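Taking it in order: structure first as structure tokens, then the write-up.
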Amino acid sequence: MKLATWNVNGIRARLGGVCEWLARHEPDVLCMQETKVVDSDFPFEALSELGYSVAVAGEPGYNGVAIASRHPLSDVRLGLHGDGPASERRLLAATVLGVRCASVYVPNGKGVALPSFVEKLRWLERLRLTLDVSSNPSDLLVLSGDFNVAREETDVFDPAALRGQLHFHPDEQRALARLLDFGLVDAFRELHPGVRRYSWWDYRGGDFQSNRGLRIDYVFVSTALRARLAHAEIDLTPRGARKPSDHAPVLVEIA
DNA sequence: ATGGTCGAACCTCGA
């Protein structure tokens with residue numbers, strides 16, 4: 001099973017690039033974040049022509065998650081445990097080929113001294129709680145998306161300068177570690193220990209060209225799938241294209 | 001030099 005995750009930063013602005021990438025890599029599943037479109041305006045037809053069904057959870061202008069699959073999607077579920085109908089669209093789960101797949105868009109946090117940062121930490125706690133009440137580490141489970149946290153020094157371009165800042169603050173790292181303590185493994189890091197490979201670069205300042213990036217997009221697999229990890233990569237090609245998303249897709253193969 | 005660049009929808013905000 002090939003599974004990918006990509007923060008597309010607007011599916012309508014990115015439709016050509018996403019379709020091109022899907023045609024090239026033919027993943028069984030693509031989890032998307034920041035689709036930034038209401039469900040009635042989602043470009044289902046273009047993905048359908050490539051053989052994909054799509055489960056969507058969007059809102060006007062901001063956020064929005066989706067799961068595209070070449071196989072039937074079942075048990076589609078929106079939101080965290082305890083979310084209400086007005087909650088931001090940041091989590092969508094569906095079962096594909098017997099694997100529970102979740103598309104995750106963790107709140108950015110805005111700044112470590114702002115209330116949004118506390119909300120980010122709480123959201124991560126609630127994601128762990130959602131796993132606790134709905135899943136088991138022995139399940140076939142894949143949690144993938146934009147987690148907005150770099151886990152370790154090899155995940156940022158300048159650890160000394162960035163330590164304590166947004167995306168590389170110990171409180172966020174603890175919250176993410178607590179999520180992984182459920183029984184999840186970072187697929188890319190599992191197969192590529194010590195490798196510096198980023199998944200996000202700021203649009204500003206030529207950051208991609210000078211590789212001032214962060215690894216904040218992850219595919220986390222349950223311990224039951226750990227031994228079946230066959231391949232993991234972060235594809236930088238689309239980030240170098242014309243009019244790119246600021247994130248690169250992460251692609252994993254499970255045998 | 002306290003910058004810069006996107007997307008979506010509104011005439012700014014969030015990232």
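All values below were derived from every heavy atom in this structure, side-chain atoms included, with hydrogens, water molecules and symmetry-related copies excluded. Lettering of chains follows the sequences in order, A, B, ..., and the numbering in each one begins at 1. The structure displayed is predicted, hence computed values, not measured ones.
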Notebook entry, point to check: For I216(A) and dA15(B), what is the distance between atoms CD1 and P respectively, to the nearest whole Å?
Noted result: 12 Å

Notebook entry, point to check: With rounding to whole Å, what would you report as the distance between dC6(B) and dC10(B) at their P atoms?
Noted result: 22 Å

Margin query: Work out how far the P atom of dT5(B) is from that of dA9(B), and round it to whole angstrom.
Written below: 23 Å

Note to self: Are F208(A) and Y203(A), when compared by the centres of their aromatic rings, separated by less than 6.0 Å?
What the structure shows: no

Check: L124(A) versus V106(A): any side-chain heavy-atom pair under 4.5 Å?
Finding: yes

Next item on the list: Mind calculating the distance between CG (L114(A)) and P (dG14(B)) to the nearest angstrom?
Entry: 11 Å

Next item on the list: Please list, by residue number, the residues of residues 9-21 of chain A whose heavy atoms come closer than 4.0 Å to an atom of DNA chain B; answer none if no residue qualifies.
Entry: N9(A), G10(A), R12(A), A13(A), R14(A)

Margin query: Output the rounded distance in Å from CD (Q209(A)) to C1' (dT5(B)).
Written below: 12 Å

Notebook entry, point to check: Is E26(A) salt-bridged to K2(A), going by a charged N under 4.0 Å from an acidic O?
Noted result: no

Margin query: For the residue pair E233(A) / H231(A), report whether a side-chain donor-acceptor contact shorter than 3.5 Å exists.
Written below: yes

Checklist line | Y62(A) OH to dC6(B) P, straight-line distance once rounded to whole Å | finding: 18 Å

Checklist line | Interatomic distance, Q165(A) CD vs dA15(B) P [rounded to whole Å] | finding: 17 Å

Check: Just to confirm, is there a sub-4.0 Å distance from OP1 or OP2 of dC6(B) to any side-chain nitrogen or oxygen of K243(A)?
Finding: no

Checklist line | H71(A) side chain to D28(A) side chain, donor-acceptor N/O pair below 3.5 angstrom | finding: yes

Notebook entry, point to check: How are the rings of W200(A) and H247(A) set to each other: parallel, tilted or perpendicular (split at 30° and 60°)?
Noted result: tilted

Margin query: Could you tell me how far apart D146(A) (CG) and dA15(B) (P) are, to the nearest whole angstrom?
Written below: 10 Å

Check: Roughly how far apart, to the nearest Å, are dT12(B) and dA1(B) at atom C1'?
Finding: 24 Å

Note to self: Can you tell me which residue among R163(A), R189(A), R196(A) is in a salt bridge (charged side-chain N to carboxylate O under 4.0 Å, His left out) with D155(A)?
What the structure shows: R189(A)

Item checked: Protein-nucleotide distance (W200(A), atom CH2; dT5(B), atom P), rounded to Å -> 14 Å

Next item on the list: Would you mind classifying the nucleic acid contact of Y105(A) as base, sugar-phosphate or nothing, using non-hydrogen atoms under 4.0 angstrom?
Entry: sugar-phosphate

Check: For D202(A) and dG7(B), what is the distance between atoms CG and P respectively, to the nearest whole Å?
Finding: 13 Å

